[in-house]
Chemist: 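Below you'll find the structure I mean.
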Amino acid sequence: MSARPVVTRFAPSPTGFLHIGGARTALFNWLFARHHGGKYLVRIEDTDRARSTQPAIDAIIDGLDWLGLSGDEPPVFQYDRAGRHAEIAEQLLAKGEAYRCYLTSEELAARRTAAQAERRPFRLTSEWRERSDGPADAPFVVRIKAPRAGETVIEDKVQGRVAVANEELDDFVLLRSDGNPTYMLAVVVDDHDMGVTHVIRGDDHLNNAFRQLIVVRAMGWEEPSYAHIPLIHGPDGAKLSKRHGALGVDVYRDEMGILPEALVNYLLRLGWGHGDDEVISREQAVEWFDLDHVGKSPSRMDYKKLENLNGHYLRGADDARLAKLVAPRLEIAGDQLGQLVGAMPEIKARAHNINELADGARFLFQERPLMMEPAATALLTPEARVHLAHARTALEALPKWSPEAIEAAVRAVADHAGLKLGKLAQPLRAALTGRTNSPGIFDVLLHLGQHESIGRISDQLEPSE
RNA sequence: GGCCCCUUCGUCUAAGGGUUAGGACGCGGCCCUUUCACGGCUGAAAUACGGGUUCGAAUCCCGUAGGGGUCACCA
């Protein structure tokens with residue numbers, strides 16, 4: 001074990017939003033650093049000037065912040081370091097570990113298609129690798145002089161020992177003809193300069209690790225540990241597409257109504273396990289997380305499980321916090337917010353996401369007369385109306401609108417009529433909420449208030465039209 | 001196609017030579033109950049296939065099949 005303090009990093013490219021896979025990569029990096037008392041950094045890989053966008057950068061920063069996965073230091077922007085990257089390319093050139101290649105993109109493309117036509121794998125062999133008599137004014141790229149024989153081995157913390165024959169690796173580009181660094185150069189230089197000890201990232205980078213290692217070794221730098229975690233697939237096992245997981249985490253927050261702690265817990269358990277534990281707090285996760293228990297195979301998104309977990313966290317969440325999240329969906333404000341907070345314990349007990357929370361709370365703020373669901377109307381039989389009338393009388397007579405008084409009054413009406421509570425509660429529920437399910441009927445009455453409750457019952461007894 | 005990786009209930013996973021293969025989500029049943037949720041109990045449900053090694057294999061080895069990743073002057 002190296003004595004170096006652990007430094008991890010999450011390095012998204014701002015060409016899209018923070019998706020679920022990126023979020024999990026960030027989480028694993030964060031957890032690993034915390035577990036080892038190390039540092040977790042964020043680096044925005046924006047060297048692709050054409051595809052990097054500010055909205056994407058904002059979405060990534062915002063998403064990380066929402067999940068509590070912001071870096072321990074302000075994010076590093078890779079493009080700001082282009083000068084440093086070019087400097088390293090120069091050093092590599094000077095050391096004879098890299099060379100200027102004057103092959104044009106057209107020539108490259110021609111060779112590639114030729115190889116394809118002959119059905120043999122294309123592996124570039126640039127004649128410039130051994131030549132130094134390039135034309136003075138012609139554009140060139142800087143290529144690494146990759147080893148031709150032997151094999152390169154990575155002791156991956158997740159995938160285990162992975163070896164690849166060096167013939168498979170060709171002389172990839174370090175510096176583009178416009179002088180800008182490629183990703184392959186930039187990551188290595190930045191990881192080194194930032195002191196990154198553990199590179200934890202998606203499995204799609206495993207092949208890149210071999211190439212990056214060549215650069216690390218050419219510079220004589222200390223090699224980082226690699227951990228390539230399997231990708232996340234859609235529910236159908238296919239690659240994550242727009243239809244499911246390749247959504248920004250903001251969609252989980254804003255449209256699906258997921259709590260960040262639920263998403264984090266879900267993501268943690270996706271590809272990693274700790275015995276039979278399912279609900280794991282952030283603190284426990286920090287204590288338990290390790291790379292040894294990260295699975296090696298891709299896992300699929302299971303929205304049902306995410307929802308289930310979300311319901312769990314919803315029930316334990318602070319009422320005022322939840323009310324604030326629900327309020328915009330109901331378009332309420334002011335004292336209605338207080339009413340919402342008061343009813344929240346009963347509402348959140350039945351919801352699995354913020355949308356259901358809003359749906360469950362909606363009855364509180366509906367204007368009279370209520371829009372009735374057909375199934376609710378069906379409960380209001382002539383017989384039921386008789387009982388409702390009795391209930392109204394009893395409720396009107398209450399001097400104090402307290403939980404105890406309400407329950408006693410309603411139960412008394414049911415007893416008096418020789419009814420099981422349900423026979424009275426259901427029509428009452430229908431009249432008060434316009435629906436067939438809701439929080440407990442006493443709670444509904446309590447949070448609606450005496451005036452509103454009686455008004456709603458009356459609406460059903462004496463239809464205005 | 002070349003190279004690399006993966007394979008335990010439908011899904012996420014536990015079990016790192018000896019277990020009735022465990023848990024969770026989902027699904028079914030029962031209970032609780034004023035509805036809906038929650039909760040409790042319970043049922044069905046897996047070691048991809050074929051060979052080895054071993055007294056003994058989900059665990060180790062080989063092969064087959066299936067899946068995934070990657071092959072840019074993108075990251």
Side-chain angles (χ1 to χ4, degrees), chain A residues 11-16 45-48 50-52 78 101 103-105 108-109 112 116 119-123 139-143 156 158-160 162-165 167-170 172-178 180-184 186-187 202-208 210 228 230-231 233 235 237-239 266 269-279 292-293 295-309 311-312 315 346-352 356 360 379 410-411 414 419-426 428-430 433 435-442 444:
Chain A
S13 64
T15 53
E45 312 237 310
D46 56 350
T47 52
D48 184 343
R51 297 197 305 153
S52 297
Q78 192 158 59
C101 174
L103 256 25
T104 65
S105 329
L108 246 24
R112 201 167 288 133
Q116 229 154 44
R119 307 178 113 265
R120 66 180 159 78
F122 176 70
R123 207 134 292 136
F140 61 86
V141 298
V142 174
R143 288 183 186 277
D156 195 275
V158 170
Q159 303 295 339
V162 185
V164 92
E167 296 98 79
E168 303 294 331
L169 279 17
D170 54 11
F172 55 92
V173 174
L174 298 173
L175 225 49
R176 300 184 238 259
S177 53
D178 64 1
N180 281 135
T182 59
Y183 159 80
M184 219 59 83
V187 251
D203 201 15
D204 51 340
H205 283 289
L206 181 57
N207 289 294
N208 291 333
F210 295 100
H228 289 92
L231 270 17
H233 289 167
K239 192 175 173 171
Y266 175 75
R269 282 286 292 103
L270 197 60
W272 179 84
H274 184 269
D276 288 344
D277 298 300
E278 294 289 345
V279 177
D292 304 328
H293 290 84
K296 301 172 83 169
S297 56
S299 37
R300 307 180 182 197
M301 276 299 290
D302 182 348
Y303 292 98
K304 286 278 182 53
K305 188 159 184 173
L306 208 208
E307 284 255 302
N308 175 274
L309 224 29
H312 172 86
R315 272 169 256 132
E346 283 76 39
I347 308 282
K348 73 183 180 187
R350 351 188 101 64
H352 302 93
E356 287 183 10
L379 288 170
V410 174
R411 284 193 189 279
L419 292 174
K420 289 190 72 174
L421 184 55
K423 281 289 184 187
L424 176 59
Q426 273 308 82
L428 209 42
R429 187 185 319 280
T433 69
R435 318 176 53 156
T436 56
N437 59 59
S438 77
I441 198 65
F442 308 129
V444 169

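Since the model is a prediction, treat every value here as computed from it, not as a measurement. Reminder, nothing fancy here: chain letters follow the sequence lines and each chain counts from 1.
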Chemist: Check the interface with nucleotides 67-72 of chain B: list each N/O to N/O pair with the protein under 3.5 Å, or write none.
Modeler:
residue : atom : partner : partner atom : Å
B:rU70  : O4'  : A:N207  : ND2          : 3.2

Chemist: Now, which nucleotide makes the Watson-Crick or G-U wobble pair with B:rU8, with each of the two distances under 3.5 Å?
Modeler: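 Checking every strand shown, B:rU8 finds no partner, since no pair has both distances under 3.5 Å.
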Chemist: Rounded to the Å, how far apart are A:W272 CH2 and B:rA15 P?
Modeler: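 Those two atoms, CH2 and P, are 11 Å apart.
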Chemist: Using purine N1 to pyrimidine N3 plus N6-O4 or O6-N4 for Watson-Crick, or N1-O2 and O6-N3 for G-U wobble, both under 3.5 Å, which nucleotide pairs with B:rG63?
Modeler: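 Here B:rG63 is engaged in a pair, and the nucleotide opposite it is B:rC49.
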Chemist: Determine the interatomic distance between C1' on B:rU53 and the same-named atom on B:rC30; round to the nearest Å.
Modeler: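 Going atom to atom, C1' in each nucleotide, I get 49 Å.
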Chemist: With a 3.5 Å distance limit and no angle check, can you tell me whether A:E356 reaches the backbone of A:H352 through a side-chain donor-acceptor pair?
Modeler: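 Checking the backbone N and O of A:H352 against the side chain of A:E356, a donor-acceptor pair under 3.5 Å is found.
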Chemist: Checking the side chain of A:R429 only, and the main-chain atoms of A:G440 only, is there a donor and an acceptor separated by less than 3.5 Å?
Modeler: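 Checking the backbone N and O of A:G440 against the side chain of A:R429, no donor-acceptor pair under 3.5 Å is found.
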Chemist: Measuring only the P atom in each nucleotide, how far is B:rA15 from B:rG22? A whole number of Å is fine.
Modeler: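 One P to the other, the span is 14 Å.
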Chemist: Among B:rC4, B:rA15, B:rC73, find the nucleotide with the atom closest to the side chain of A:T182.
Modeler: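 It is B:rC73.
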Chemist: Looking for any heavy atom pair under 4.0 Å, which part of the strands does A:G360 touch: base, sugar-phosphate only, or nothing?
Modeler: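 It contacts nothing in the nucleic acid.
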Chemist: Of the listed nucleotides (B:rA15, B:rU11, B:rC4), which one gets closest to any side-chain atom of A:V164?
Modeler: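 Minimum distance to the A:V164 side chain belongs to B:rC4.
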Chemist: In whole Å, what is the span from the CG atom of A:D156 to the C1' atom of B:rC6?
Modeler: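 In whole Å, B:rC6 C1' and A:D156 CG are 13 Å from each other.
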Chemist: Output one letter per nucleotide in nucleotides 33-46 of chain B: B when a protein non-hydrogen atom lies under 4.0 Å from the base, S when only the sugar-phosphate is that close, - when neither is.
Modeler: -BBBBS--------
Chemist: Roughly how many Å is it from CG in A:D276 to P in B:rC25, rounded to a whole number?
Modeler: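 Checked: the CG to P distance equals 12 Å.
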Chemist: Considering Watson-Crick and G-U wobble pairs with both distances under 3.5 Å, what does B:rA37 pair with?
Modeler: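 Across any shown strand, B:rA37 pairs with none.
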Chemist: Figure out the CZ/P separation between A:R300 and B:rC9, and round it to whole Å.
Modeler: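 Distance, rounded to whole Å: 10 Å.
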Chemist: What is the pairing partner of B:rG43, taking Watson-Crick or G-U wobble pairs with both distances under 3.5 Å in any strand?
Modeler: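 Matched B:rG43 with B:rC27 under the 3.5 Å cut-off.
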Chemist: Quantified in whole Å, what is the C1' atom distance between nucleotide B:rC60 and nucleotide B:rU54?
Modeler: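 Roughly 10 Å separates the two C1' atoms.
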Chemist: What interatomic distance, in whole Å, is found between P of B:rU19 and the corresponding atom of B:rA58?
Modeler: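 Taking atom P in both B:rA58 and B:rU19, they lie 9 Å apart.
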Chemist: For A:D46 and A:S52, indicate whether the former's side chain and the latter's backbone hold a donor-acceptor pair under 3.5 Å.
Modeler: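 No: the side chain of A:D46 does not pair with the backbone of A:S52.
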Chemist: State, with a plain yes or no, whether a side-chain heavy atom of A:K305 is found less than 4.5 Å away from one of A:E278.
Modeler: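 They are in side-chain contact.
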Chemist: Classify A:L169 by what it touches in the nucleic acid, base, sugar-phosphate, or nothing, heavy-atom distance under 4.0 Å.
Modeler: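 Result for A:L169 = nothing.
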Chemist: Between A:E168 and A:R269, just flag the one whose closest nucleotide in RNA chain B comes earlier from the 5' side.
Modeler: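 Mapping each residue to its closest nucleotide by heavy atoms, the 5'-most match is A:E168.
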Chemist: Would you mind reading off the distance between A:D302 atom CG and B:rC27 atom P, rounded to a whole angstrom?
Modeler: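 After rounding, the reported distance stands at 11 Å.
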Chemist: Expressed as a whole number of Å, how far does the C1' atom of B:rU11 sit from that of B:rC27?
Modeler: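 Pairwise C1' distance, B:rU11 against B:rC27, rounds to 12 Å.
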Chemist: With a 3.5 Å cut-off and just heavy-atom distances, do the side chain of A:S299 and the base of B:rC12 make a donor-acceptor pair?
Modeler: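 No, no donor-acceptor pair under 3.5 Å.
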Chemist: OP1 or OP2 of B:rU11 less than 4.0 angstrom from a side-chain nitrogen or oxygen of A:K305, does that happen here?
Modeler: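 Answer no for this pair, as no side-chain N or O of A:K305 is under 4.0 Å from OP1 or OP2.
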Chemist: May I have the distance from A:H274 (atom NE2) to B:rA14 (atom P), rounded to whole angstrom?
Modeler: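 Those two atoms, NE2 and P, are 11 Å apart.
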Chemist: For a 4.5 angstrom cut-off between non-hydrogen side-chain atoms, does A:R143 reach A:L174?
Modeler: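 The answer is no; the side chains never approach within 4.5 Å.
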Chemist: Does any nucleotide pair with B:rA57 by Watson-Crick or G-U wobble geometry, both distances under 3.5 Å, and what is it?
Modeler: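 Pair assignment: B:rA57 / none.
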Chemist: Want to settle it: does A:K304 or A:S297 sit nearer the 5' end of RNA chain B, counting the closest nucleotide to each?
Modeler: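 Residue closer to the 5' terminus by nearest nucleotide: A:S297.
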Chemist: Separation of A:D170 atom CG from B:rG2 atom P, in whole Å?
Modeler: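 These atoms are roughly 18 Å apart.
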Chemist: Checking A:H228 now: which residues fulfil ring-ring contact (aromatic ring centres under 6.0 Å, His included) with it, not counting sequence neighbours?
Modeler: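 By the ring-ring contact (aromatic ring centres under 6.0 Å, His included) rule, A:H228 matches A:Y226.
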Chemist: Using a 4.0 Å heavy-atom cut-off, does A:T47 contact any base of the nucleic acid, only the sugar-phosphate backbone, or nothing at all?
Modeler: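 A:T47: backbone/sugar contact only, no base atoms under 4.0 Å.
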Chemist: Between A:T182 (side chain) and A:V173 (backbone), is there a donor-acceptor pair under 3.5 Å?
Modeler: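 Yes; judged by distance alone, with no hydrogens or angles, the pair exists.
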Chemist: So what does A:A50 touch, heavy atoms closer than 4.0 Å: a base, only the sugar-phosphate, or nothing?
Modeler: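 No contact at all - A:A50 keeps every heavy atom at 4.0 Å or more from the nucleic acid.
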Chemist: Please check: side-chain N/O of A:R269 versus main-chain N/O of A:H274, any donor-acceptor pairing under 3.5 Å?
Modeler: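 Checking the backbone N and O of A:H274 against the side chain of A:R269, no donor-acceptor pair under 3.5 Å is found.
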Chemist: Atom CZ of A:R315 and atom CD1 of A:I347: how far apart are they, to the nearest 0.5 Å?
Modeler: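 Interatomic distance, A:R315 CZ to A:I347 CD1, rounded to 0.5 Å: 14.5 Å.
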Chemist: Should B:rG16 form a Watson-Crick or G-U wobble pair with both distances under 3.5 Å, which nucleotide is its partner?
Modeler: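 Pairing partner, where one exists within any strand: none, as none qualifies.
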Chemist: Looking at side-chain heavy atoms only, is the closest gap between A:L231 and A:D204 below 4.5 Å?
Modeler: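 The answer is yes, as the side chains (C-beta and beyond) meet within the 4.5 Å cut-off.
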Chemist: State the OH-CG distance between A:Y266 and A:L309, to the nearest 0.5 angstrom.
Modeler: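 With rounding to 0.5 Å, OH (A:Y266) is 9.0 Å from CG (A:L309).
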Chemist: Taking the same atom, C1', in B:rG66 and in B:rA48, what whole-Å distance lies between them?
Modeler: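 B:rG66 and B:rA48 have their C1' atoms separated by 8 Å.
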Chemist: Look up atom CG in A:N207 and atom CD in A:E168, then write down how far apart they are to the nearest 0.5 Å.
Modeler: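 If we round to the nearest 0.5 Å, A:N207:CG and A:E168:CD are 10.0 Å apart.
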Chemist: Please tell me which of the listed nucleotides, B:rC73, B:rC5, B:rC12, lies nearest to the side chain of A:Q159?
Modeler: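 Comparing B:rC73, B:rC5, B:rC12 against the side chain of A:Q159, the answer is B:rC5.
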Chemist: Taking atom C1' in both B:rU20 and B:rC9, compute the distance separating them and give it to the nearest angstrom.
Modeler: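 One C1' to the other, the span is 16 Å.
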Chemist: Under a 3.5 Å cut-off for both contacts, is B:rG2 paired Watson-Crick or G-U wobble with anything, and if yes, with which nucleotide?
Modeler: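 In the structure as shown, B:rG2 has B:rU70 as its Watson-Crick or wobble partner.
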Chemist: When rounded to the nearest Å, what value does the distance between C1' atoms of B:rU8 and B:rU59 take?
Modeler: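 That atom pair is separated by 11 Å.
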